[in-house]
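Please read the structure below before turning to the comments.
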Amino acid sequence: MPAPPTHLLGPDFFDRPADTVARQLLGQWLVVRDSNGKIMRHVVHETEAYLGADDLACHGRSGPTQRNGTMFGPAGRWYVYRCYGLHWMLNIVTGPKGLPAAVLLRGVGQWSGPGRLTKGLAITGGFNGLAATRKSGLWLAGSGMAVSRALVHCTPRIGVGYAGKWAKKLLRFVVDPAAL
DNA sequence: GCAGTGATCATA
DNA sequence: ATGATCACTGCC
């Protein structure tokens with residue numbers, strides 16, 4: 001069910017399987033309010049799903065730790081962590097509380113690559129654990145556009161070769177921004 | 001193709 | 001306390 005245009009996507013949208021959320025986020029908007037109060041929106045064109053404790057590529061695979069605690073919380077919060085010492089990764093938590101699942105935003109607007117989009121939008125670990133609402137200054141909104149399944153490319157996730165059979169699952173979702 | 005980068009986590 | 005690992009990027 002497509003959300004009405006510019007409708008804030010909340011727990012009703014995110015409290016579902018991460019692969020469903022990742023797929024349906026394509027074509028929706030990441031909305032940012034900057035320090036001047038100006039609001040900018042960027043279309044989501046690449047995502048990855050991390051499914052929970054059974055998923056050997058998922059940070060939650062070994063239970064809660066200091067870093068991944070947000071993943072075990074309720075859906076609709078930001079999970080932001082630092083990767084390779086310098087890049088911030090932006091995820092939205094999905095599924096029921098207690099299930100460590102999330103969707104990684106890999107491409108929005110002009111940016112392609114999870115580290116580049118956070119750098120471009122000045123998103124840091126300060127957002128970790130915050131609800132994705134207007135109050136936080138960073139949220140997701142329905143664009144009213146449903147991307148047809150035929151336009152979505154499904155591939156293995158990037159950089160998770162250590163995850164055995166889970167490395168091969170088609171949990172990365174890409175749509176050509178030019179098609180949006 | 002591979003170095004940079006430093007937090008994180010398992011092991012002790 | 002120590003060492004291997006790592007959901008990446010940029011430059012060779």
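Every chain is numbered from 1 and lettered A, B, ... according to where its sequence line falls, protein lines coming before strand lines.
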- Query: Donor-acceptor pair, E46(A) side chain versus V174(A) backbone, under 3.5 Å?
  - Reply: no

- Item | Rounded distance (Å) that lies between atom P of dG4(B) and atom CZ of R82(A) | 18 Å

- If you check the Y84(A) side chain, which of dT9(C), dC6(C), dA7(C) turns out closest? dC6(C)

- Message: Please classify the nucleic acid contact of R157(A) as base, sugar-phosphate, or nothing, using heavy-atom distances under 4.0 Å.
- Response: nothing

- Assess the side chains of T155(A) and R172(A): does a donor N or O sit below 3.5 Å from an acceptor N or O? yes

- Can you tell me the distance, in whole Å, between the CD1 atom of I92(A) and the C1' atom of dA7(C)? 16 Å

- Task: Let me know the distance between CZ of R61(A) and C1' of dA7(C), rounded to the nearest Å.
- Result: 9 Å

- Where DNA chain C forms runs of at least three Watson-Crick or G-U pairs (i with j, i+1 with j-1, under 3.5 Å), the stems are B:1-4 with C:8-11, B:6-11 with C:1-6

- Rounding to a whole Å, what distance do you find between L117(A):CG and dC8(C):C1'? 12 Å

- With a 4.5 Å limit on heavy-atom distance, are the side chains of D15(A) and P96(A) in contact? yes

- Cation over ring, R41(A) on W29(A), under 6.0 Å and within 45°? yes

- Message: Centroid separation under 6.0 Å, is that true for the rings of H59(A) and Y81(A)?
- Response: yes

- Distance in angstrom units between L86(A) CG and dC6(C) C1', rounded: 11 Å

- Which whole-number value in Å describes the distance from H59(A) NE2 to dC6(C) C1'? 8 Å

- From the list dC9(B), dC8(C), dG10(C), which nucleotide is the closest neighbour of the side chain of R106(A)? dC8(C)

- Rounded off to whole Å, could you give me the CE-to-P distance for the M71(A) and dC9(B) pair? 12 Å

- Please determine if E48(A) and R157(A) form a salt bridge, counting it only when a charged side-chain N lies under 4.0 Å from a carboxylate O. no

- Query: Pick one: which of L25(A), I92(A), T94(A) meets side-chain contact (heavy atoms from CB on, under 4.5 Å) with F13(A)?
  - Reply: L25(A)

- Task: Mark this stacking check for Y50(A) against dA7(C) as yes or no, applying ring centres under 5.5 Å and ring planes under 30°.
- Result: yes

- Item | Spacing of H87(A) atom NE2 relative to dT5(C) atom P, expressed in whole Å | 19 Å

- Any Y79(A) side-chain N or O less than 4.0 Å from OP1/OP2 of dA7(C): no

